[in-house]
Amino acid sequence: MLASVLLSLAVTVLPVFAKGVRPGQIKNLVTFGDSYTDVVIISNGGTQWPVYAAGYAHVDLFPFARSGATCSNNLTFRPFPSLFESQLPAYFNETGTSPTGKRTKGSVNLNPDQTLYTLWLGTNDVGSNALLTGSDKASLVDVTQCMINWVTTLHASGARNFLFQNMIPLETVPLYAPVSYPDRYWTAQRNTTEWSVFMKELVLSGNQLTKLMLEALAPKLPDAHIGIFDSHSLFADMFARPQLYLNGTAPLNVTGAVQACVFQLNESTSDTGDCTIAKGTDRDSFLWFDELHPSEQADRIVAMNIAQVIEGRQNKWTTWLS
């Protein structure tokens, strides 16, 4: 009697759609974003995290991220290849896909089930010469909605596996720290404390908005797997407990940079400034490469964690919504 009841229950229970990607499923990594992810213009003085991650996980890398990018130049204009005006069109052209589902002949054929798409964006959108210093075209809501549209646009073209990397605690990078100094990214007069406080609020609010938007979106996209990689918590932990992550031969340093260059106020950034540069294995003692970008060692940590996600393993910093 008990056996028949259990059998009856088993056949009436609907199959559960598993969250996340399966071990061994992913063969391709496609990356979008800004200088934190760009493998052409290197921002950490060595090797960028996507190259390390693809190597650790033994997958093929298809990089589309470009330095200086924002989500859309129609929202926060910068003269760099933005996600929607440049990176996505380049991807559609190369793969012969489109947001309408129409297919053409592309140079790369990616199996959607075997491909993970990542986006790490926002640093330029909320930064200087954008939301931090004022934008008459966009708000934080506009920018975060744009990032969510990356998922829907790719899903419509056939993509199914997404990893959204949120913004790091930018108030801790030297450029936006309370004790910041004139550097290659900003030499004009500013209230460094005000910048740091405002940046913290922009990042925390932006990350929460994207989380809520992704949670609302996930159930609406058939067969999609959407994960959030909590870059913010990872970098906050590296900042608070560098001894667990940094392994260079110099004293551990989370406030300075491998290449720290102090400029005079209103000095042209075509000049080199007064620079202090770490060499060799001393570089791996730093969390930051320069006043804005993570160091190569920090990128190795990002890569090791992303590789776990690619391999379908549990990861401390990743939450799958679908």
Side-chain angles (χ1 to χ4, degrees), residues 29-38 62-103 106 110 112 115-127 130-131 135-168 202-232 318-322:
L29 175 64
V30 180
T31 56
F32 296 91
D34 52 33
S35 57
Y36 282 20
T37 304
D38 187 356
F62 299 89
F64 293 91
R66 293 295 178 264
S67 294
T70 59
C71 189
S72 172
N73 279 334
N74 293 325
L75 295 175
T76 46
F77 177 77
R78 291 168 59 88
F80 298 98
S82 69
L83 176 64
F84 269 88
E85 287 77 46
S86 178
Q87 296 176 35
L88 281 171
Y91 164 80
F92 291 134
N93 180 65
E94 189 166 326
T95 58
T97 58
S98 75
T100 63
K102 182 180 178 180
R103 297 194 65 88
L110 297 176
T115 305
L116 178 67
Y117 295 82
T118 70
L119 176 66
W120 199 5
L121 202 61
T123 296
N124 296 316
D125 303 76
V126 302
L131 294 185
S135 172
D136 59 357
K137 290 185 177 181
S139 68
L140 185 60
V141 174
D142 298 318
V143 167
T144 51
Q145 182 62 65
C146 178
M147 295 181 196
I148 302 306
N149 290 345
W150 168 79
V151 178
T152 56
T153 300
L154 281 174
H155 183 270
S157 75
R160 290 297 180 263
N161 307 303
F162 306 94
L163 189 65
F164 188 97
Q165 299 166 252
N166 66 12
M167 292 182 284
I168 70 171
L202 283 170
V203 168
L204 289 175
S205 299
N207 284 348
Q208 185 64 15
L209 281 171
T210 52
K211 178 176 181 287
L212 293 172
M213 289 176 178
L214 287 170
E215 288 174 341
L217 176 65
K220 300 176 183 178
L221 297 184
D223 302 325
H225 295 287
I226 302 176
I228 298 176
F229 182 81
D230 193 357
S231 307
H232 189 279
T318 303
T319 302
W320 287 101
L321 305 178
S322 60

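Only heavy atoms go into these numbers, but all of them, side chains included; no hydrogens, no water, no symmetry mates. FYI, the numbering just counts along the sequence from 1.
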Could you check if a side-chain atom of [X] sits within less than 4.5 angstrom of a side-chain atom of [Y], using non-hydrogen atoms only?
X: Thr70; Y: Asn73; result: yes
X: Phe62; Y: Thr115; result: no
X: Thr319; Y: Asp230; result: no
X: Tyr117; Y: Leu110; result: yes
X: Ser72; Y: Glu85; result: yes
X: Val143; Y: Cys146; result: no
X: Ser322; Y: Leu221; result: no

Please give me the minimum heavy-atom distance between [X] and [Y], naming the atom from each residue.
X: Thr318; Y: Phe229; answer: OG1-CD1, 3.2 Å
X: His232; Y: Ile168; answer: CD2-C, 3.7 Å
X: Trp150; Y: Phe84; answer: N-CZ, 3.6 Å
X: Asp125; Y: Thr76; answer: OD2-OG1, 3.6 Å
X: Thr118; Y: Gln165; answer: CB-OE1, 3.4 Å
X: Thr210; Y: Ile148; answer: O-CD1, 3.8 Å

Donor-acceptor check, side chain of [X] to backbone of [Y], threshold 3.5 angstrom: yes or no?
X: Asp142; Y: Ser139; answer: yes
X: His155; Y: Asp223; answer: no
X: Asn161; Y: His225; answer: no
X: Asp34; Y: Gly68; answer: no

Distance, nearest 0.5 Å, that separates [atom1] of [X] from [atom2] of [Y]:
X: Cys71; Y: Asn124; atom1: SG; atom2: CG; answer: 11.5 Å
X: Ile228; Y: Asn166; atom1: CD1; atom2: CG; answer: 7.5 Å
X: Asn149; Y: Thr144; atom1: CG; atom2: OG1; answer: 9.5 Å
X: Glu215; Y: Leu212; atom1: CD; atom2: CG; answer: 5.5 Å
X: Lys220; Y: Ile226; atom1: NZ; atom2: CD1; answer: 11.0 Å
X: Thr37; Y: Leu119; atom1: OG1; atom2: CG; answer: 8.0 Å

*side chain to side chain donor-acceptor pair (under 3.5 Å) evaluation trace for Ser35 with Asp38*: CA-CA 5 Å; Ser35 57; Asp38 187 356; over 6 Å; no
*Run through Thr31, Leu83, Val30, Leu88 and flag the one making a side chain to side chain contact (heavy atoms under 4.5 Å, CB included) with Phe64.*
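Exactly one option meets the side chain to side chain contact (heavy atoms under 4.5 Å, CB included) with Phe64, and it is Val30.
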*Test side-chain contact (heavy atoms from CB on, under 4.5 Å) applied to Phe92 and Leu154, step by step*: CA-CA 9 Å; Phe92 291 134; Leu154 281 174; 4.3 Å; yes
